[in-house]
Amino acid sequence: MKELILASNNLHKVEEIKSILNNYNILTLNEIGFTDEIEENGNTFEENALIKARTIAKFAGKTAIADDSGLAIDLLDGRPGVFSARYSKEQTDEKNIEKVLFELDGNYSKAKFVSVIAYVTPDGVEKTFRGECHGEIIFEKRGNNGFGYDPIFYVPELDKTFAEITSEEKNSISHRSESLKKFSNYLREQDNED
């Protein structure tokens with residue numbers, strides 16, 4: 001089984017990525033002994049994902065992947081965007097949601113979740129794969145599944161928020177599943193060329 005190092009210790013992300021890339025041995029930062037903080041100072045999801053993957057590929061001398069993802073709300077000019085996880089002062093899911101709803105001030109807005117997977121090899125191959133899931137923001141939290149902004153991200157086709165669907169349903173339609181499918185196809189093409 002091929003090995004990939006995932007530049008994350010976020011248990012929710014690790015779980016989602018492992019379940020979608022289940023034919024790979026995915027190692028986390030804890031498992032390779034990486035304890036430093038990686039400064040995500042890029043302006044785009046692509047830049048931040050590459051910063052993380054490059055750092056880990058260099059540290060471990062092995063192929064690394066990283067996900068940078070977040071919520072982009074039309075009415076807020078794409079915010080919270082790359083700052084999704086640290087949007088509020090307290091940087092908790094609860095406070096981040098409160099800040100978004102406060103800024104929307106009761107106004108309806110379309111939104112999208114974005115995920116970018118960066119792939120970096122020790123010999124310098126770098127690729128990014130972007131996935132998006134479109135929906136809208138609702139003003140009452142619904143559901144107990146998921147994490148982050150899931151309770152207020154409503155998908156009209158399902159008539160549910162991300163927090164109301166099962167992880168299997170989420171893995172079939174989410175922004176992360178789309179970016180990971182593109183990434184999986186790329187890996188399959190590389191394997192076929194070998």
Side-chain angles (χ1 to χ4, degrees), residues 5-20 26 28-31 34-56 64-104 109-120 128-139 141-155 161-163 165 167 170-171 173-180 183:
I5 299 170
L6 172 59
S8 182
N9 281 322
N10 178 319
L11 295 179
H12 297 292
K13 265 188 198 183
V14 170
E15 213 174 272
E16 275 185 33
I17 291 171
K18 280 186 173 184
S19 71
I20 293 169
I26 309 285
T28 64
L29 296 182
N30 283 339
E31 292 170 313
F34 185 88
T35 56
D36 293 344
E37 198 63 40
I38 301 172
E39 188 182 354
E40 299 174 43
N41 53 10
N43 294 316
T44 64
F45 295 113
E46 284 79 4
E47 287 174 10
N48 280 339
L50 281 166
I51 287 168
K52 292 185 273 192
R54 284 178 189 137
T55 301
I56 298 311
I65 63 171
D67 164 84
D68 198 59
S69 51
L71 180 66
I73 300 173
D74 291 8
L75 200 62
L76 300 182
D77 300 321
R79 290 190 317 273
V82 295
F83 302 105
S84 290
R86 51 194 192 279
Y87 197 50
S88 65
K89 248 189 300 199
E90 297 83 357
Q91 299 184 9
T92 65
D93 292 349
E94 192 66 35
K95 292 295 183 184
N96 289 341
I97 287 173
E98 275 179 29
K99 184 174 180 183
V100 159
L101 295 181
F102 175 78
E103 289 183 346
L104 284 173
S109 184
K110 291 190 174 191
K112 65 184 174 188
F113 267 125
V114 177
S115 162
V116 173
I117 300 293
Y119 168 82
V120 175
T128 60
F129 306 87
R130 185 182 181 101
E132 295 183 357
C133 182
H134 296 261
E136 51 198 58
I137 301 302
I138 60 170
F139 291 90
K141 291 185 282 185
R142 289 181 13 198
N144 300 309
N145 300 329
F147 60 100
Y149 298 93
D150 288 357
I152 60 166
F153 185 78
Y154 174 77
V155 183
T161 67
F162 261 18
I165 59 178
S167 54
K170 188 177 178 185
N171 287 346
I173 66 154
S174 77
H175 51 305
R176 192 166 292 116
S177 72
E178 188 183 325
S179 61
L180 285 166
F183 174 55

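This chain uses plain numbering: 1 for the first residue, then up along the sequence. This is a predicted model, so every value here is computed, not measured.
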- prompt: Distance from N48 atom CG to S69 atom OG, nearest 0.5 Å?
  reply: 10.5 Å

- prompt: Is the shortest heavy-atom distance from the side chain of E16 to the side chain of K18 under 4.5 Å?
  reply: no

field: D67: which of K13, H175, K52 passes side chain to side chain donor-acceptor pair (under 3.5 Å)
entry: K13

Audit row: L104, F139, side-chain contact (heavy atoms from CB on, under 4.5 Å) steps and yes/no: CA-CA 9 Å; L104 284 173; F139 291 90; 3.9 Å; yes

- prompt: After noting the C-alpha distance and the side-chain angles of V82 and N43, does the key distance pass the side-chain contact (heavy atoms from CB on, under 4.5 Å) rule?
  reply: CA-CA 7 Å; V82 295; N43 294 316; over 6 Å; no

Student check: side-chain heavy atoms of F34 and T55 closer than 4.5 Å: yes

Minimum heavy-atom distance A53-A66, with the two atoms named: N-CB, 3.7 Å

- prompt: Are any non-hydrogen side-chain atoms of L71 and Y149 less than 4.5 angstrom apart?
  reply: yes

Non-hydrogen side-chain atoms of I38 and I56 separated by less than 4.5 Å: yes

message: As a quick check of understanding, evaluate side-chain contact (heavy atoms from CB on, under 4.5 Å) for K99 and K89, giving each step before the final call.
response: CA-CA 10 Å; K99 184 174 180 183; K89 248 189 300 199; over 6 Å; no

- prompt: Do R130 and S115 meet the criterion of a side-chain donor-acceptor pair at a distance under 3.5 Å?
  reply: no

Short N-O contact, K170 and D150, less than 4.0 angstrom: yes

message: Is the ring pair F129/F183 parallel, tilted or perpendicular, if the boundaries are 30 and 60 degrees?
response: tilted

message: Quiz question: by atom type and distance under 3.5 Å, do the side chains of S8 and N10 form a donor-acceptor pair?
response: no

- line: Note: D68 and A49 closest approach over all heavy atoms is CB-N, 3.8 Å

query: Which pairs pass salt bridge (Lys or Arg N to Asp or Glu O under 4.0 Å) with one or both residues in residues 72-81, sequence neighbours excluded?
result: R79-E103

query: Say you draw a straight line from OG of S174 to CD1 of I165; how long is it, rounded to the nearest 0.5 Å?
result: 8.0 Å

query: If you measure from CG on L6 to OG1 on T28, what distance do you get to the nearest 0.5 Å?
result: 7.5 Å

- request: May I ask you to say whether E98 pairs ionically with K95, meaning some side-chain N is under 4.0 Å from a carboxylate O?
  value: yes

task: Begin from the C-alpha positions of I137 and Y154 and carry the test side-chain contact (heavy atoms from CB on, under 4.5 Å) through to its verdict.
output: CA-CA 6 Å; I137 301 302; Y154 174 77; over 6 Å; no

field: Test: E94 and K141 ion pair at under 4.0 Å
entry: yes

More than 12 heavy atoms of other groups within 6.0 Å of N144 CG: no

field: Polar contact flag, side-chain donor to acceptor under 3.5 angstrom, S167-N145
entry: no

message: Taking the basic N atoms (NZ, or NE/NH1/NH2) and the acidic carboxylate oxygens, is any pair closer than 4.0 Å for K110 and E136?
response: no

field: Euclidean distance, F153 CZ relative to H134 NE2, rounded to 0.5 Å
entry: 8.0 Å

query: Quick check: does any side chain N or O of S84 sit under 3.5 Å from a backbone N or O of G70, one acting as donor and the other as acceptor?
result: no

message: Looking only at the side chains, is there a donor atom on one of N96 and S88 sitting less than 3.5 Å from an acceptor on the other?
response: yes

task: Return yes when atom CD of E15 has more than 12 non-hydrogen atoms of other residues, nucleotides or ligands closer than 6.0 Å, and no otherwise.
output: no

- line: Output for pair (E132 CD, K112 NZ), nearest 0.5 Å, gives 4.0 Å

message: When you compare the side chain of T161 with that of V155, does any pair of heavy atoms fall below 4.5 Å?
response: no

task: Report yes if the side chains of P151 and I97 come closer than 4.5 Å at any heavy-atom pair, otherwise no.
output: yes

- prompt: Side chains of L50 and V120: closer than 4.5 Å at any heavy-atom pair?
  reply: yes

- prompt: Heavy-atom distance under 4.5 Å between the side chains of L180 and I117, does that happen here?
  reply: yes

- request: Could you label the plane-to-plane angle of the F113 and F162 rings as parallel, tilted or perpendicular, counting under 30° as parallel and over 60° as perpendicular?
  value: parallel

